[in-house]
Amino acid sequence: PGEYTLTYFPVRGRGEAIRMLLADQGQEWIEDVVNGEIWQKGDLKQLCVFGQLPRFQDGNFILHQSNAILRHLARNHGLYGQDAKEAALLDMVNDGVEDLRLKYGHLIYQNYESGKAAYIEALPAELRPFEKLLAQNDGGKGFIVGKQIAFADYNLLDLLHVHLVLAPNCLASLPLLAGYVQRLNARPLLKDFLESDARKKRFINGNGKQ
Ligand code: 0HH
């Protein structure tokens, strides 16, 4: 791969799983931070295939769509499972993460005040499929699929991080997921990233809600 650049807003949002993957894999990347003022000008939006960020550069290769970026990095860094079946299961998990991320985004950006209580009430049931998948893989002591970390782990971990801020007790009835978060957070390179000033200062979402 060439030099990596992530172009995104100054939030965790749809950038953080990409950042965690890169940090945990010991990769360096350039953070091209786009604030509201720059975005309002509109020239960058014109360059984006779907008019949205994140945008990612791998040398001269430019890619959009956060999940496509994760999958590209998975192929570059051996994070797409050991065989075709593991790859398919990782796709399944990542699509499940995307489904809940869309519900979370709807809550945060469109329905926060009136929807928060019901969302938190329903949350354990939304997360339980991931608990079950973990249980089926080596009794839940490892990763979401197979014996090695994969791109969907970073995406799931970010989803769990943001939900633990929204609802700190959301994993109380999901012990394998709680242990999974602790275990992944303790990976040395990921830990350094999570404890970095840049990460601690970054808002989760673009409207200040979390
Ligand atoms: N399916 C796409 C993907 O996964 C969706 C991308 C997307 O929704 O990549 N992009 C949004 C930003 S993510 C976008 O480009 C939501 C966080 C918004 C934070 C904004 C903070 C601004 C503060 C400086 N939205 C801009 C647009 O559509 O014009």
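Start at 1 with the first residue, then count along the sequence. Remember, it's a predicted structure, so these values are computed and weren't measured experimentally. Just so you know, ligand 1 is whichever comes first in the structure, and atom 1 is the first atom listed for that ligand.
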- Winner among S66, A68, G206, P10 once heavy atoms are compared against atom 4 (O) of ligand 1: S66

- Message: For atom 10 (N) of ligand 1, what's the nearest protein heavy-atom neighbour? Residue, atom name and distance, please.
- Response: L53 O, 2.7 Å

- Task: May I ask which of Q52, H64, Q65, E37 has a heavy atom nearer to atom 8 (O) of ligand 1 than the others do?
- Result: Q52

- Item | N76 and Y4 side chains, donor-acceptor separation under 3.5 Å | yes

- Relative to the heavy atoms of W39, which atoms of ligand 1 are at a distance of less than 4.0 Å? 26 (C), 27 (C), 29 (O)

- Message: Minimum heavy-atom separation for V93 and A152, please, with both atom names.
- Response: CG1-CB, 3.9 Å

- Are any of the N/O atoms in G36 less than 3.5 Å from those in ligand 1? no

- P54: numbered ligand 1 atoms lying under 4.0 Å from its heavy atoms: 9 (O)

- When you measure from atom 29 (O) of ligand 1 to every protein heavy atom, which one gives the shortest distance, and what is it? K45 NZ, 2.8 Å

- Query: Under a 4.0 Å N-O cut-off, is there an ion pair linking R19 with D158?
  - Reply: no

- Mind checking whether Y119 and H163 have parallel, tilted or perpendicular rings, split at 30° and 60°? parallel

- Could you check D95 against R71 for salt bridge (charged side-chain N to carboxylate O under 4.0 Å, His left out), going step by step and ending with a plain yes or no? CA-CA 12 Å; D95 283 3; R71 288 178 161 100; 3.7 Å; yes

- Item | Neighbour count >12 (heavy atoms, 6.0 Å) for atom CG, N35 | yes

- Query: Closest non-hydrogen protein atom to atom 22 (C) of ligand 1, residue and atom name please, with distance?
  - Reply: F9 CD2, 3.7 Å

- Under 3.5 Å, is there a donor-acceptor pair between the Y154 and N94 side chains? no

- Query: When rounded to the nearest 0.5 angstrom, what distance separates CG in N67 from NE2 in H72?
  - Reply: 14.5 Å

- Message: Test of understanding: given a 4.0 Å heavy-atom threshold, classify the contact between Y8 and ligand 1 as side chain, backbone, both, or neither.
- Response: side chain

- Message: Is there a polar contact, in the sense of an N or O pair closer than 3.5 Å, between N35 and ligand 1?
- Response: no

- Task: Would you mind listing which atoms of ligand 1 come within a distance below 4.0 Å of any non-hydrogen atom of Y109?
- Result: 16 (C), 17 (C), 18 (C), 19 (C)

